[in-house]
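In the text below, chain A, chain B and the rest are named by the order of the sequence lines, each starting its count at 1.
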Number of protein chains: 2
Amino acid sequence: MQTRTDGRLVRGDQTRRAVLRRAVDIASVDGLEGLSIGRLAGELEISKSGLFAHFGSKEELQLATIRAARRIYVDAVVEPALAVEPGFGRLWRLIESWLDYSQRRVFPGGCFFAKVSHEFGARSGPVHDFLVSVDREWLGLIEQCAAEARAAGELTADPTQLAFELNAFCESANLASLLRDEIDTVFSRARQSVRTRLEAAATPGATLPWA
Amino acid sequence: MQTRTDGRLVRGDQTRRAVLRRAVDIASVDGLEGLSIGRLAGELEISKSGLFAHFGSKEELQLATIRAARRIYVDAVVEPALAVEPGFGRLWRLIESWLDYSQRRVFPGGCFFAKVSHEFGARSGPVHDFLVSVDREWLGLIEQCAAEARAAGELTADPTQLAFELNAFCESANLASLLRDEIDTVFSRARQSVRTRLEAAATPGATLPWA
DNA sequence: AAACTAATAATACGACCGTTCGTATAGTTT
DNA sequence: AAACTATACGAACGGTCGTATTATTAGTTT
(Lines give C-alpha, C1' and ligand atoms only; values in the text may rest on other atoms or scores of the structure.)
Protein backbone atom coordinates (compact mmCIF):
# COMPACT_ATOMS: atom_id res chain seq x y z
CA MET A 1 0.00 0.00 0.00
CA GLN A 2 1.14 3.53 -0.73
CA THR A 3 1.70 6.21 1.82
CA ARG A 4 -1.71 7.45 2.78
CA THR A 5 -2.86 11.02 2.73
CA ASP A 6 -6.18 11.49 4.41
CA GLY A 7 -7.23 7.94 3.86
CA ARG A 8 -6.73 7.81 0.12
CA LEU A 9 -4.09 5.99 -1.81
CA VAL A 10 -1.75 8.48 -3.37
CA ARG A 11 -0.76 7.01 -6.65
CA GLY A 12 -4.14 5.67 -7.65
CA ASP A 13 -5.98 8.73 -6.49
CA GLN A 14 -3.85 11.02 -8.58
CA THR A 15 -4.59 8.98 -11.66
CA ARG A 16 -8.27 8.97 -10.81
CA ARG A 17 -8.29 12.72 -10.49
CA ALA A 18 -6.49 13.17 -13.78
CA VAL A 19 -8.95 10.84 -15.48
CA LEU A 20 -11.98 12.63 -14.12
CA ARG A 21 -10.63 16.07 -14.91
CA ARG A 22 -10.33 15.03 -18.53
CA ALA A 23 -13.60 13.12 -18.43
CA VAL A 24 -15.74 16.10 -17.46
CA ASP A 25 -14.26 18.14 -20.29
CA ILE A 26 -14.89 15.44 -22.86
CA ALA A 27 -18.40 14.78 -21.58
CA SER A 28 -19.32 18.45 -21.70
CA VAL A 29 -18.65 18.37 -25.42
CA ASP A 30 -19.49 14.83 -26.51
CA GLY A 31 -21.72 13.61 -23.70
CA LEU A 32 -21.37 10.75 -21.26
CA GLU A 33 -21.81 8.21 -24.05
CA GLY A 34 -19.34 9.93 -26.31
CA LEU A 35 -16.97 9.61 -23.37
CA SER A 36 -15.41 6.26 -24.28
CA ILE A 37 -12.87 4.46 -22.15
CA GLY A 38 -10.52 3.82 -25.02
CA ARG A 39 -10.51 7.42 -26.09
CA LEU A 40 -10.03 8.68 -22.55
CA ALA A 41 -7.08 6.33 -22.01
CA GLY A 42 -5.59 7.33 -25.35
CA GLU A 43 -5.71 11.03 -24.59
CA LEU A 44 -4.17 10.50 -21.15
CA GLU A 45 -1.61 8.06 -22.54
CA ILE A 46 -2.42 5.33 -20.08
CA SER A 47 -3.70 1.85 -20.72
CA LYS A 48 -7.37 1.21 -21.25
CA SER A 49 -7.39 -1.65 -18.79
CA GLY A 50 -5.58 0.37 -16.14
CA LEU A 51 -8.09 3.15 -16.45
CA PHE A 52 -10.99 0.73 -16.45
CA ALA A 53 -9.81 -0.87 -13.22
CA HIS A 54 -10.44 2.40 -11.41
CA PHE A 55 -14.15 2.30 -12.08
CA GLY A 56 -15.16 -1.25 -12.87
CA SER A 57 -17.83 -0.29 -15.34
CA LYS A 58 -18.72 2.42 -17.78
CA GLU A 59 -21.70 3.43 -15.71
CA GLU A 60 -19.51 3.90 -12.64
CA LEU A 61 -17.21 6.09 -14.70
CA GLN A 62 -20.19 8.15 -15.80
CA LEU A 63 -21.43 8.55 -12.24
CA ALA A 64 -17.96 9.47 -11.03
CA THR A 65 -17.71 12.01 -13.83
CA ILE A 66 -20.96 13.61 -12.74
CA ARG A 67 -19.74 13.77 -9.15
CA ALA A 68 -16.53 15.42 -10.32
CA ALA A 69 -18.46 17.91 -12.44
CA ARG A 70 -20.71 18.69 -9.51
CA ARG A 71 -17.72 19.57 -7.37
CA ILE A 72 -16.40 21.94 -10.01
CA TYR A 73 -19.88 23.41 -10.40
CA VAL A 74 -20.23 24.01 -6.67
CA ASP A 75 -16.86 25.74 -6.56
CA ALA A 76 -17.60 27.94 -9.53
CA VAL A 77 -21.23 28.83 -8.93
CA VAL A 78 -22.48 28.01 -5.47
CA GLU A 79 -19.56 28.98 -3.25
CA PRO A 80 -19.23 32.54 -4.57
CA ALA A 81 -22.90 33.06 -3.82
CA LEU A 82 -22.73 31.60 -0.34
CA ALA A 83 -19.95 34.07 0.38
CA VAL A 84 -22.53 36.83 0.11
CA GLU A 85 -24.95 37.31 2.98
CA PRO A 86 -28.43 35.89 2.44
CA GLY A 87 -30.95 38.08 0.68
CA PHE A 88 -31.37 39.84 -2.62
CA GLY A 89 -27.62 40.19 -3.05
CA ARG A 90 -26.98 36.47 -2.69
CA LEU A 91 -29.73 35.57 -5.12
CA TRP A 92 -28.36 37.94 -7.70
CA ARG A 93 -24.84 36.74 -7.16
CA LEU A 94 -25.93 33.15 -7.62
CA ILE A 95 -27.41 33.83 -11.04
CA GLU A 96 -24.54 36.08 -12.02
CA SER A 97 -22.06 33.35 -11.06
CA TRP A 98 -23.96 30.88 -13.19
CA LEU A 99 -23.90 33.07 -16.25
CA ASP A 100 -20.22 33.69 -15.70
CA TYR A 101 -19.61 29.97 -15.27
CA SER A 102 -21.23 29.26 -18.61
CA GLN A 103 -19.74 32.24 -20.41
CA ARG A 104 -16.15 31.71 -19.38
CA ARG A 105 -16.45 28.03 -20.27
CA VAL A 106 -15.50 26.33 -17.05
CA PHE A 107 -16.36 23.30 -19.16
CA PRO A 108 -15.39 23.58 -22.81
CA GLY A 109 -18.83 22.50 -24.00
CA GLY A 110 -20.72 25.02 -21.90
CA CYS A 111 -22.70 23.88 -18.88
CA PHE A 112 -21.92 20.23 -18.17
CA PHE A 113 -25.31 19.59 -16.63
CA ALA A 114 -27.30 21.17 -19.42
CA LYS A 115 -25.50 18.85 -21.79
CA VAL A 116 -25.84 15.56 -19.96
CA SER A 117 -29.28 16.27 -18.54
CA HIS A 118 -30.56 16.50 -22.08
CA GLU A 119 -28.61 13.39 -22.97
CA PHE A 120 -30.16 11.29 -20.22
CA GLY A 121 -33.38 13.19 -19.63
CA ALA A 122 -35.58 10.74 -21.50
CA ARG A 123 -33.88 7.56 -20.31
CA SER A 124 -34.02 5.71 -17.04
CA GLY A 125 -31.40 4.31 -14.73
CA PRO A 126 -28.88 5.46 -12.14
CA VAL A 127 -27.33 8.15 -14.34
CA HIS A 128 -30.70 9.73 -15.05
CA ASP A 129 -31.63 9.57 -11.38
CA PHE A 130 -28.41 11.19 -10.30
CA LEU A 131 -28.89 14.05 -12.73
CA VAL A 132 -32.42 14.53 -11.48
CA SER A 133 -31.15 14.87 -7.94
CA VAL A 134 -28.52 17.42 -8.97
CA ASP A 135 -31.15 19.42 -10.83
CA ARG A 136 -33.38 19.34 -7.76
CA GLU A 137 -30.49 20.58 -5.64
CA TRP A 138 -29.83 23.43 -8.00
CA LEU A 139 -33.38 24.66 -8.42
CA GLY A 140 -33.92 24.20 -4.70
CA LEU A 141 -30.97 26.45 -4.03
CA ILE A 142 -32.26 29.25 -6.24
CA GLU A 143 -35.63 28.92 -4.61
CA GLN A 144 -34.13 29.02 -1.15
CA CYS A 145 -32.13 32.13 -1.94
CA ALA A 146 -35.26 33.77 -3.27
CA ALA A 147 -37.17 32.76 -0.16
CA GLU A 148 -34.46 34.28 2.03
CA ALA A 149 -34.63 37.53 0.10
CA ARG A 150 -38.38 37.51 0.57
CA ALA A 151 -38.05 36.84 4.28
CA ALA A 152 -35.69 39.80 4.45
CA GLY A 153 -38.41 41.96 2.91
CA GLU A 154 -36.37 42.71 -0.19
CA LEU A 155 -38.48 40.78 -2.61
CA THR A 156 -42.14 40.18 -3.36
CA ALA A 157 -42.49 37.21 -5.65
CA ASP A 158 -43.25 33.52 -5.56
CA PRO A 159 -39.83 31.90 -5.04
CA THR A 160 -40.74 28.82 -7.08
CA GLN A 161 -41.93 30.83 -10.04
CA LEU A 162 -38.99 33.20 -9.84
CA ALA A 163 -36.52 30.32 -9.61
CA PHE A 164 -38.03 28.70 -12.67
CA GLU A 165 -37.69 31.87 -14.70
CA LEU A 166 -34.18 32.80 -13.65
CA ASN A 167 -33.02 29.27 -14.32
CA ALA A 168 -34.72 29.38 -17.72
CA PHE A 169 -32.77 32.49 -18.68
CA CYS A 170 -29.53 30.77 -17.67
CA GLU A 171 -30.17 27.53 -19.53
CA SER A 172 -31.35 29.32 -22.60
CA ALA A 173 -28.36 31.63 -22.71
CA ASN A 174 -26.07 28.63 -22.38
CA LEU A 175 -27.56 26.86 -25.38
CA ALA A 176 -27.78 30.02 -27.45
CA SER A 177 -24.10 30.72 -26.75
CA LEU A 178 -23.27 27.33 -28.26
CA LEU A 179 -25.32 27.93 -31.37
CA ARG A 180 -24.44 31.55 -32.10
CA ASP A 181 -21.22 33.32 -32.81
CA GLU A 182 -21.95 36.41 -30.75
CA ILE A 183 -21.48 34.84 -27.34
CA ASP A 184 -21.16 38.12 -25.47
CA THR A 185 -24.34 39.47 -27.00
CA VAL A 186 -26.22 36.39 -25.87
CA PHE A 187 -25.08 36.71 -22.28
CA SER A 188 -25.66 40.42 -22.02
CA ARG A 189 -29.18 39.82 -23.28
CA ALA A 190 -29.67 37.18 -20.60
CA ARG A 191 -28.31 39.53 -17.95
CA GLN A 192 -30.74 42.16 -19.12
CA SER A 193 -33.61 39.71 -18.67
CA VAL A 194 -32.41 38.75 -15.22
CA ARG A 195 -32.10 42.37 -14.08
CA THR A 196 -35.51 43.32 -15.42
CA ARG A 197 -37.10 40.30 -13.79
CA LEU A 198 -35.44 40.97 -10.46
CA GLU A 199 -36.39 44.64 -10.57
CA ALA A 200 -40.00 43.64 -11.07
CA ALA A 201 -39.75 41.22 -8.17
CA ALA A 202 -37.97 43.60 -5.81
CA THR A 203 -39.73 45.38 -3.02
CA PRO A 204 -40.18 49.02 -4.08
CA GLY A 205 -37.31 51.12 -2.84
CA ALA A 206 -34.93 48.24 -2.26
CA THR A 207 -31.32 48.85 -3.25
CA LEU A 208 -30.35 46.69 -6.20
CA PRO A 209 -26.93 45.00 -6.21
CA TRP A 210 -25.97 46.19 -9.69
CA ALA A 211 -26.97 49.81 -9.14
CA MET B 1 -38.38 2.86 -62.45
CA GLN B 2 -41.59 2.78 -60.42
CA THR B 3 -44.77 4.64 -61.24
CA ARG B 4 -44.19 8.15 -60.18
CA THR B 5 -46.39 10.14 -57.88
CA ASP B 6 -45.49 13.78 -57.81
CA GLY B 7 -41.97 13.15 -58.94
CA ARG B 8 -41.04 10.69 -56.22
CA LEU B 9 -40.47 6.99 -56.50
CA VAL B 10 -43.19 5.11 -54.72
CA ARG B 11 -41.64 2.05 -53.21
CA GLY B 12 -38.40 3.57 -52.08
CA ASP B 13 -40.04 6.70 -50.81
CA GLN B 14 -42.41 4.75 -48.59
CA THR B 15 -39.50 2.94 -47.00
CA ARG B 16 -37.68 6.20 -46.56
CA ARG B 17 -40.64 7.74 -44.83
CA ALA B 18 -41.04 4.78 -42.51
CA VAL B 19 -37.36 4.92 -41.64
CA LEU B 20 -37.43 8.62 -40.87
CA ARG B 21 -40.61 8.42 -38.85
CA ARG B 22 -38.91 5.90 -36.62
CA ALA B 23 -35.61 7.76 -36.71
CA VAL B 24 -36.98 10.99 -35.28
CA ASP B 25 -38.54 9.12 -32.38
CA ILE B 26 -35.36 7.26 -31.57
CA ALA B 27 -33.24 10.39 -31.89
CA SER B 28 -35.50 12.38 -29.59
CA VAL B 29 -34.71 9.87 -26.86
CA ASP B 30 -31.20 8.65 -27.62
CA GLY B 31 -29.82 11.39 -29.83
CA LEU B 32 -28.55 11.37 -33.38
CA GLU B 33 -25.52 9.30 -32.39
CA GLY B 34 -27.57 6.83 -30.41
CA LEU B 35 -29.53 6.45 -33.60
CA SER B 36 -27.56 3.54 -35.08
CA ILE B 37 -28.26 2.09 -38.48
CA GLY B 38 -28.26 -1.47 -37.24
CA ARG B 39 -30.73 -0.74 -34.51
CA LEU B 40 -32.99 1.24 -36.80
CA ALA B 41 -33.00 -1.58 -39.36
CA GLY B 42 -33.64 -4.13 -36.64
CA GLU B 43 -36.66 -2.30 -35.26
CA LEU B 44 -38.12 -1.85 -38.74
CA GLU B 45 -37.24 -5.43 -39.70
CA ILE B 46 -35.42 -4.49 -42.84
CA SER B 47 -31.81 -5.09 -43.78
CA LYS B 48 -29.10 -2.80 -42.56
CA SER B 49 -27.60 -2.50 -46.03
CA GLY B 50 -30.94 -1.76 -47.63
CA LEU B 51 -31.59 1.01 -45.16
CA PHE B 52 -28.10 2.36 -45.53
CA ALA B 53 -28.47 2.58 -49.31
CA HIS B 54 -31.19 5.19 -48.86
CA PHE B 55 -28.84 7.65 -47.28
CA GLY B 56 -25.29 6.72 -48.22
CA SER B 57 -23.78 7.78 -44.93
CA LYS B 58 -24.66 8.13 -41.31
CA GLU B 59 -24.36 11.87 -41.52
CA GLU B 60 -26.85 12.00 -44.40
CA LEU B 61 -29.25 9.94 -42.30
CA GLN B 62 -28.82 12.41 -39.46
CA LEU B 63 -29.48 15.37 -41.71
CA ALA B 64 -32.52 13.68 -43.24
CA THR B 65 -33.78 12.93 -39.74
CA ILE B 66 -33.49 16.58 -38.79
CA ARG B 67 -35.35 17.61 -41.94
CA ALA B 68 -38.10 15.12 -41.09
CA ALA B 69 -38.31 16.39 -37.52
CA ARG B 70 -38.49 19.95 -38.78
CA ARG B 71 -41.51 19.10 -40.91
CA ILE B 72 -43.30 17.57 -37.95
CA TYR B 73 -42.33 20.56 -35.85
CA VAL B 74 -43.69 23.03 -38.39
CA ASP B 75 -46.96 21.13 -38.58
CA ALA B 76 -47.36 20.93 -34.83
CA VAL B 77 -46.16 24.36 -33.75
CA VAL B 78 -45.84 26.84 -36.58
CA GLU B 79 -48.92 26.12 -38.71
CA PRO B 80 -51.45 26.47 -35.87
CA ALA B 81 -49.98 29.88 -35.10
CA LEU B 82 -49.98 31.03 -38.70
CA ALA B 83 -53.68 30.18 -38.81
CA VAL B 84 -54.24 33.03 -36.37
CA GLU B 85 -54.09 36.57 -37.69
CA PRO B 86 -50.86 38.46 -36.99
CA GLY B 87 -50.60 40.27 -33.68
CA PHE B 88 -50.74 39.48 -30.01
CA GLY B 89 -53.03 36.51 -30.60
CA ARG B 90 -50.64 34.84 -33.01
CA LEU B 91 -47.65 35.35 -30.74
CA TRP B 92 -49.49 33.81 -27.84
CA ARG B 93 -50.73 30.95 -29.95
CA LEU B 94 -47.20 30.23 -31.15
CA ILE B 95 -45.89 29.81 -27.62
CA GLU B 96 -48.95 27.92 -26.51
CA SER B 97 -48.55 25.52 -29.43
CA TRP B 98 -44.96 24.95 -28.48
CA LEU B 99 -45.75 24.11 -24.89
CA ASP B 100 -48.49 21.79 -26.10
CA TYR B 101 -46.09 20.19 -28.58
CA SER B 102 -43.65 19.42 -25.80
CA GLN B 103 -46.25 18.43 -23.24
CA ARG B 104 -48.16 16.00 -25.42
CA ARG B 105 -44.91 14.43 -26.56
CA VAL B 106 -45.09 14.78 -30.30
CA PHE B 107 -41.66 13.23 -29.94
CA PRO B 108 -41.34 10.65 -27.17
CA GLY B 109 -38.20 12.27 -25.77
CA GLY B 110 -39.70 15.76 -25.56
CA CYS B 111 -38.59 18.44 -27.99
CA PHE B 112 -36.44 16.88 -30.70
CA PHE B 113 -34.47 20.06 -31.26
CA ALA B 114 -33.73 20.71 -27.62
CA LYS B 115 -32.29 17.23 -27.47
CA VAL B 116 -30.11 17.25 -30.57
CA SER B 117 -29.11 20.91 -30.30
CA HIS B 118 -27.51 20.11 -26.98
CA GLU B 119 -25.98 17.00 -28.49
CA PHE B 120 -24.29 18.88 -31.33
CA GLY B 121 -24.11 22.34 -29.84
CA ALA B 122 -20.41 22.16 -28.99
CA ARG B 123 -19.29 20.32 -32.12
CA SER B 124 -18.74 21.47 -35.65
CA GLY B 125 -19.84 20.18 -39.00
CA PRO B 126 -22.92 20.02 -41.22
CA VAL B 127 -25.22 18.66 -38.51
CA HIS B 128 -24.32 21.43 -36.11
CA ASP B 129 -24.73 24.03 -38.84
CA PHE B 130 -28.13 22.72 -39.82
CA LEU B 131 -29.33 22.84 -36.23
CA VAL B 132 -28.07 26.39 -35.92
CA SER B 133 -30.10 27.40 -38.95
CA VAL B 134 -33.25 25.77 -37.56
CA ASP B 135 -32.74 27.54 -34.25
CA ARG B 136 -32.33 30.84 -36.07
CA GLU B 137 -35.54 30.21 -37.99
CA TRP B 138 -37.42 29.49 -34.79
CA LEU B 139 -36.21 32.44 -32.77
CA GLY B 140 -36.65 34.63 -35.80
CA LEU B 141 -40.27 33.55 -36.05
CA ILE B 142 -41.03 34.40 -32.43
CA GLU B 143 -39.34 37.74 -32.90
CA GLN B 144 -41.30 38.43 -36.05
CA CYS B 145 -44.59 37.61 -34.37
CA ALA B 146 -43.68 39.92 -31.53
CA ALA B 147 -42.73 42.64 -33.98
CA GLU B 148 -46.08 42.27 -35.72
CA ALA B 149 -47.91 42.58 -32.43
CA ARG B 150 -45.92 45.69 -31.70
CA ALA B 151 -46.67 47.15 -35.11
CA ALA B 152 -50.34 46.52 -34.39
CA GLY B 153 -49.99 48.58 -31.23
CA GLU B 154 -50.83 45.65 -28.95
CA LEU B 155 -47.43 45.30 -27.43
CA THR B 156 -44.67 47.49 -26.05
CA ALA B 157 -41.52 45.47 -25.69
CA ASP B 158 -38.26 44.76 -27.46
CA PRO B 159 -39.11 41.81 -29.75
CA THR B 160 -35.63 40.31 -29.47
CA GLN B 161 -35.63 40.41 -25.71
CA LEU B 162 -39.19 39.12 -25.48
CA ALA B 163 -38.46 36.28 -27.91
CA PHE B 164 -35.45 35.24 -25.87
CA GLU B 165 -37.47 35.08 -22.69
CA LEU B 166 -40.47 33.27 -24.07
CA ASN B 167 -38.23 30.73 -25.74
CA ALA B 168 -36.35 30.29 -22.49
CA PHE B 169 -39.55 29.43 -20.64
CA CYS B 170 -40.37 26.85 -23.30
CA GLU B 171 -36.98 25.17 -23.34
CA SER B 172 -36.76 25.12 -19.59
CA ALA B 173 -40.22 23.61 -19.18
CA ASN B 174 -39.31 20.93 -21.69
CA LEU B 175 -36.22 19.85 -19.80
CA ALA B 176 -37.90 20.09 -16.43
CA SER B 177 -40.73 17.87 -17.70
CA LEU B 178 -38.15 15.21 -18.52
CA LEU B 179 -36.52 15.37 -15.13
CA ARG B 180 -39.58 15.65 -12.88
CA ASP B 181 -42.57 13.45 -12.34
CA GLU B 182 -45.13 16.22 -12.15
CA ILE B 183 -45.20 17.08 -15.83
CA ASP B 184 -48.44 19.01 -15.70
CA THR B 185 -47.22 21.15 -12.83
CA VAL B 186 -44.14 22.05 -14.81
CA PHE B 187 -46.10 23.19 -17.83
CA SER B 188 -48.69 25.14 -15.92
CA ARG B 189 -45.85 26.93 -14.20
CA ALA B 190 -44.33 27.76 -17.57
CA ARG B 191 -47.70 28.97 -18.84
CA GLN B 192 -47.99 31.19 -15.81
CA SER B 193 -44.63 32.72 -16.60
CA VAL B 194 -45.59 33.26 -20.23
CA ARG B 195 -48.87 34.95 -19.30
CA THR B 196 -47.26 37.22 -16.74
CA ARG B 197 -44.53 38.18 -19.16
CA LEU B 198 -46.98 38.90 -21.95
CA GLU B 199 -49.21 40.92 -19.64
CA ALA B 200 -46.25 43.06 -18.70
CA ALA B 201 -45.39 43.51 -22.37
CA ALA B 202 -48.92 44.26 -23.53
CA THR B 203 -50.12 47.73 -24.32
CA PRO B 204 -52.34 48.88 -21.41
CA GLY B 205 -55.96 48.08 -22.14
CA ALA B 206 -55.26 45.50 -24.84
CA THR B 207 -57.47 42.42 -24.77
CA LEU B 208 -55.50 39.34 -23.86
CA PRO B 209 -56.14 36.08 -25.72
CA TRP B 210 -56.58 33.99 -22.61
CA ALA B 211 -58.94 36.35 -20.83
C1' DA C 1 16.24 -8.56 1.06
C1' DA C 2 11.73 -10.96 0.99
C1' DA C 3 6.97 -10.82 1.12
C1' DC C 4 3.04 -8.50 0.17
C1' DT C 5 -0.16 -5.38 -2.08
C1' DA C 6 -1.85 -1.63 -4.86
C1' DA C 7 -1.60 0.16 -9.45
C1' DT C 8 -0.95 -0.34 -14.12
C1' DA C 9 -0.38 -2.84 -18.32
C1' DA C 10 -0.93 -6.51 -21.98
C1' DT C 11 -3.86 -9.31 -24.31
C1' DA C 12 -8.02 -11.11 -25.76
C1' DC C 13 -13.10 -11.52 -26.28
C1' DG C 14 -17.72 -11.02 -28.29
C1' DA C 15 -20.80 -7.37 -29.75
C1' DC C 16 -21.80 -3.75 -32.46
C1' DC C 17 -20.36 0.23 -35.31
C1' DG C 18 -20.54 2.43 -40.24
C1' DT C 19 -19.51 0.93 -44.65
C1' DT C 20 -18.74 -1.82 -49.02
C1' DC C 21 -19.67 -5.36 -52.26
C1' DG C 22 -21.96 -8.68 -55.01
C1' DT C 23 -26.38 -10.42 -55.94
C1' DA C 24 -31.35 -11.21 -56.26
C1' DT C 25 -35.89 -9.38 -57.09
C1' DA C 26 -39.40 -6.55 -58.79
C1' DG C 27 -41.25 -3.15 -61.69
C1' DT C 28 -40.67 -0.06 -65.88
C1' DT C 29 -39.38 0.97 -70.39
C1' DT C 30 -38.45 -0.20 -75.03
C1' DA D 1 -39.43 -10.69 -74.58
C1' DA D 2 -35.26 -8.04 -73.56
C1' DA D 3 -32.89 -4.45 -71.42
C1' DC D 4 -32.74 -1.58 -67.73
C1' DT D 5 -33.22 0.44 -63.10
C1' DA D 6 -34.72 0.99 -58.41
C1' DT D 7 -34.82 -1.41 -54.30
C1' DA D 8 -33.54 -4.68 -51.01
C1' DC D 9 -30.70 -8.35 -49.22
C1' DG D 10 -26.77 -11.26 -46.94
C1' DA D 11 -22.20 -11.45 -45.97
C1' DA D 12 -18.13 -9.49 -44.85
C1' DC D 13 -14.69 -5.66 -43.77
C1' DG D 14 -11.79 -3.02 -40.46
C1' DG D 15 -12.51 -0.64 -36.35
C1' DT D 16 -14.07 0.51 -31.71
C1' DC D 17 -16.92 -0.49 -27.94
C1' DG D 18 -17.13 -2.28 -22.86
C1' DT D 19 -15.35 -5.91 -20.25
C1' DA D 20 -12.58 -9.97 -18.24
C1' DT D 21 -8.37 -12.39 -17.36
C1' DT D 22 -3.73 -12.59 -16.63
C1' DA D 23 0.76 -10.57 -15.97
C1' DT D 24 3.97 -6.97 -14.61
C1' DT D 25 5.57 -3.06 -12.23
C1' DA D 26 6.16 -0.05 -8.23
C1' DG D 27 5.96 0.95 -3.40
C1' DT D 28 5.38 -0.45 1.48
C1' DT D 29 6.02 -3.41 5.22
C1' DT D 30 8.39 -6.65 7.77
Side-chain angles (χ1 to χ4, degrees), chain A residues 1-23 26-27 29-66 116 119-120 123 125-127, chain B residues 1-23 26-27 29-66 116 119-120 123 125-127:
Chain A
M1 208 181 291
Q2 319 286 131
T3 49
R4 287 167 173 275
T5 307
D6 194 15
R8 316 197 93 153
L9 303 178
V10 166
R11 197 158 64 108
D13 198 54
Q14 277 184 350
T15 305
R16 219 186 125 95
R17 279 171 193 277
V19 168
L20 291 175
R21 187 162 318 143
R22 182 68 66 114
I26 293 179
V29 173
D30 293 316
L32 287 169
E33 299 288 7
L35 175 71
S36 88
I37 295 169
R39 175 188 173 185
L40 194 48
E43 290 193 13
L44 291 165
E45 292 179 313
I46 63 175
S47 73
K48 202 168 79 153
S49 51
L51 192 158
F52 182 81
H54 278 277
F55 303 96
S57 74
K58 168 106 189 227
E59 190 172 83
E60 250 321 305
L61 168 63
Q62 292 175 327
L63 292 169
T65 302
I66 299 174
V116 301
E119 188 180 6
F120 281 85
R123 299 186 215 178
V127 174
Chain B
M1 208 179 291
Q2 317 289 128
T3 49
R4 287 166 174 275
T5 307
D6 194 15
R8 315 197 94 156
L9 302 179
V10 167
R11 197 157 63 108
D13 197 53
Q14 277 183 349
T15 304
R16 219 185 125 96
R17 278 172 194 276
V19 168
L20 291 175
R21 188 163 316 144
R22 182 68 67 114
I26 293 179
V29 173
D30 293 314
L32 287 169
E33 299 287 8
L35 175 71
S36 88
I37 294 168
R39 174 188 173 185
L40 193 49
E43 290 192 14
L44 291 166
E45 293 179 312
I46 62 175
S47 70
K48 204 168 74 153
S49 52
L51 193 159
F52 182 84
H54 277 277
F55 304 96
S57 75
K58 168 103 186 228
E59 190 172 84
E60 251 321 306
L61 168 63
Q62 292 174 328
L63 292 169
T65 302
I66 299 174
V116 301
E119 188 181 4
F120 281 85
R123 301 187 212 178
V127 175

Item to complete: Rounded to the nearest angstrom, tell me the gap between atom CZ in Phe52(A) and atom C1' in dA7(C).
Response: 15 Å
Practice prompt. Quickly work out the Gln14(A) CD to dA26(D) C1' distance and round it to whole Å.
Written response: 14 Å
Worksheet item: Any side-chain N or O of Thr15(A) under 4.0 Å from OP1/OP2 of dT8(C)?
Response: yes
Worksheet item: Rounding to a whole Å, what distance do you find between Gln62(B):CD and dC17(C):P?
Response: 14 Å
Worksheet entry | Sub-4.5 Å side-chain heavy-atom contact between Glu33(A) and Lys58(A) | yes
Fill in: Distance test, side-chain N/O of His54(A) to OP1/OP2 of dA6(C), below 4.0 Å
no
Worksheet item: So do the side chains of Val19(B) and Ile46(B) get within less than 4.5 Å of each other, counting heavy atoms only?
Response: yes
Discussion item. Applying a 4.0 Å non-hydrogen cut-off, can you work out what Ala53(B) is touching in the nucleic acid: base, sugar-phosphate, or nothing?
Written reply: nothing
Item to complete: Tell me, yes or no, whether the heavy-atom count around Arg123(A) atom CZ, taken from other residues, nucleotides or ligands under 6.0 Å, exceeds 12.
Response: yes
Fill in: Interatomic distance where CZ belongs to Arg16(B) and P belongs to dA8(D) [whole Å]
12 Å
Practice prompt. State the CG-OG1 distance between Leu32(A) and Thr65(A), to the nearest 0.5 angstrom.
Written response: 6.5 Å
Practice prompt. Enumerate the residues from residues 29-49 of chain B whose closest heavy atom to DNA chain D is under 4.0 Å, giving them by residue number; use none for an empty result.
Written response: Ile46(B), Ser47(B), Ser49(B)
Item to complete: State, with a plain yes or no, whether a side-chain heavy atom of Gln62(A) is found less than 4.5 Å away from one of Val116(A).
Response: no
Fill in: Any Phe55(A) side-chain heavy atom under 4.5 Å of Arg16(A) side chain
yes
Worksheet, complete the sentence: From CD of Glu59(B) across to C1' of dT19(C) the rounded distance in Å is 14 Å
Discussion item. Could you tell me how far apart Leu51(A) (CG) and dA9(C) (P) are, to the nearest whole angstrom?
Written reply: 9 Å
